[in-house]
Amino acid sequence: MLIPHDTRIALDTVVDLMNTAPESQPPPDGTGEGPEDGLADIAALYDFAERHLISGVGTLGETDLTAVRDVRARFAEVFAASDPRTAADLVNRLVAAAGTTPQLTDHDGYDWHVHYFAPDASIADHLAADCGMALAFIIVAGEQERLRRCEAPDCGHAFVDLSRNRSRRYCSSRTCGNRLHVAAYRARRKEAAG
């Protein structure tokens with residue numbers, strides 16, 4: 001599946017945004033406290049915007065933080081959608097609410113690409129429009145099943161399965177996948193020895 005560069009960046013952004021949600025964080029390690037929100041405060045929102053080179057952010061406040069958390073929850077609904085029609089409806093509502101205004105731009109050293117958000121859009125509308133359109137690209141391509149959650153029992157991370165045969169099961173084969181394979185191997189050895 002050929003994915004344009006700016007769509008790939010938006011897909012990475014939506015996955016990273018979803019993975020800031022408390023339900024996507026690793027389980028507590030005996031502290032008795034639940035997982036923390038990766039967007040716990042405005043400073044974390046600024047950090048997220050900087051990490052993802054989100055242009056035109058300006059001054060952020062509590063309203064922005066609340067709105068971005070709402071967009072994050074709506075993206076999670078798209079990933080959890082049981083069929084393409086439901087996913088499409090969710091994306092349509094998300095993108096429409098953002099007030100999309102597609103325009104070609106070539107800023108900050110990037111070649112021509114499309115921004116789907118209106119000039120001076122809030123960060124939440126920026127994310128809803130650009131990332132929503134990236135998810136729309138996946139749905140239009142008939143690839144909604146590529147929007148997944150890690151199958152490791154102690155992980156809830158979202159990811160987009162871009163493997164050739166759509167067989168990826170874990171957010172990371174180096175961490176979650178390897179950990180589960182080692183545990184299964186040890187269980188087989190223990191059973192064979194016992």
Side-chain angles (χ1 to χ4, degrees), residues 3-26 33-82 84-105 107-108 110 113-140 144 146-150 155-160 171:
I3 300 175
H5 178 71
D6 53 328
T7 301
R8 178 60 192 262
I9 289 171
L11 289 171
D12 290 344
T13 301
V14 74
V15 164
D16 287 348
L17 178 61
M18 289 177 56
N19 290 338
T20 65
E23 59 271 14
S24 295
Q25 301 303 315
E33 297 178 19
E36 291 188 21
D37 191 322
L39 293 178
D41 54 29
I42 296 168
L45 183 56
Y46 274 115
D47 288 344
F48 181 86
E50 185 177 317
R51 254 190 342 270
H52 292 282
L53 306 173
I54 299 173
S55 60
V57 170
T59 303
L60 299 174
E62 287 296 327
T63 303
D64 295 299
L65 183 59
T66 300
V68 169
R69 287 177 180 161
D70 180 59
V71 167
R72 175 180 70 185
R74 294 170 74 195
F75 285 143
E77 291 175 5
V78 174
F79 270 67
S82 60
R85 184 165 307 282
T86 302
D89 181 54
L90 291 165
V91 169
N92 284 340
R93 286 188 281 153
L94 184 65
V95 170
T100 56
T101 308
Q103 58 184 331
L104 288 167
T105 184
H107 63 89
D108 299 327
Y110 292 104
H113 59 283
V114 178
H115 279 184
Y116 293 99
F117 54 92
D120 300 321
S122 69
I123 187 170
D125 285 346
H126 179 136
L127 290 167
D130 264 6
C131 296
M133 291 305 297
L135 293 174
F137 175 87
I138 296 294
I139 295 165
V140 166
Q144 183 225 345
R146 291 183 182 271
L147 306 177
R148 299 205 173 145
R149 291 282 187 169
C150 184
C155 182
H157 278 133
F159 66 94
V160 178
C171 63

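Here the straight-line distance linking atom CG of Asp16 with atom NE2 of His52 works out to 4.0 Å at 0.5 Å rounding. To the nearest 0.5 angstrom, Ile54 atom CD1 is 7.0 Å from Cys131 atom SG. Here Glu62 contributes atom CD and Leu45 contributes atom CG; the two are 9.5 Å apart, rounded to the nearest 0.5 Å. Once rounded to the nearest 0.5 Å, the distance linking CG of Leu94 with CD of Glu77 reads 9.0 Å. To the nearest 0.5 Å, the span separating CG on Asn19 from SG on Cys155 amounts to 7.5 Å.
Checked for salt-bridge contact, Arg51 and Asp47 miss the test: no charged N lies under 4.0 Å from a carboxylate O. The residues Asp64 and Arg69 are annotated as not salt-bridged, no charged nitrogen and carboxylate oxygen being separated by less than 4.0 angstrom.
A donor-acceptor pair under 3.5 Å is formed between the side chain of Thr20 and the backbone N or O of Leu17. Asp125 contributes no side-chain N or O that, together with a main-chain N or O of Ala121, makes up a donor-acceptor pair within less than 3.5 Å. A donor-acceptor pair under 3.5 Å is absent between the side-chain atoms of Asp37 and the main chain of Ala21, judged by distance alone.
Using a 4.5 Å heavy-atom cutoff, the side chains of Val114 and Gln103 are not in contact. Within the 4.5 Å cutoff, side-chain heavy atoms of Phe79 are placed close to those of Leu135. Between Val160 and Asp12 the shortest side-chain heavy-atom distance does not fall below 4.5 Å. The shortest distance between side-chain heavy atoms of Val14 and Asp130 does not fall below 4.5 Å. Looking only at side-chain heavy atoms (C-beta outward), Leu90 and Arg74 stay at 4.5 Å or farther from each other. Using a 4.5 Å heavy-atom threshold, the side chains of Ser55 and His126 count as touching. At a threshold of 4.5 Å between non-hydrogen side-chain atoms, the residues His157 and Met18 do not count as touching. The side-chain heavy atoms of Thr13 and Phe48, taken from C-beta on, include a pair separated by under 4.5 Å.
When all heavy atoms are compared, the tightest approach of Met133 to Tyr116 is CG-CG, 3.4 Å. The two residues Val78 and Gln144 make their nearest non-hydrogen contact at O-NE2, 4.3 Å. Closest approach of Pro84 and Ile139 over heavy atoms only: O-CG2, 4.2 Å. Nearest heavy-atom pair, Val57 versus Tyr46, reported as atom, atom and distance to 0.1 Å: CG1-CE2, 4.5 Å. Scanning all heavy atoms of the two residues, the minimum distance from Ala128 to Phe75 falls at CA-CZ, 4.0 Å. Counting all heavy atoms, side chain and backbone alike, Ala40 lies closest to Leu65 at O-CD2, 4.2 Å.
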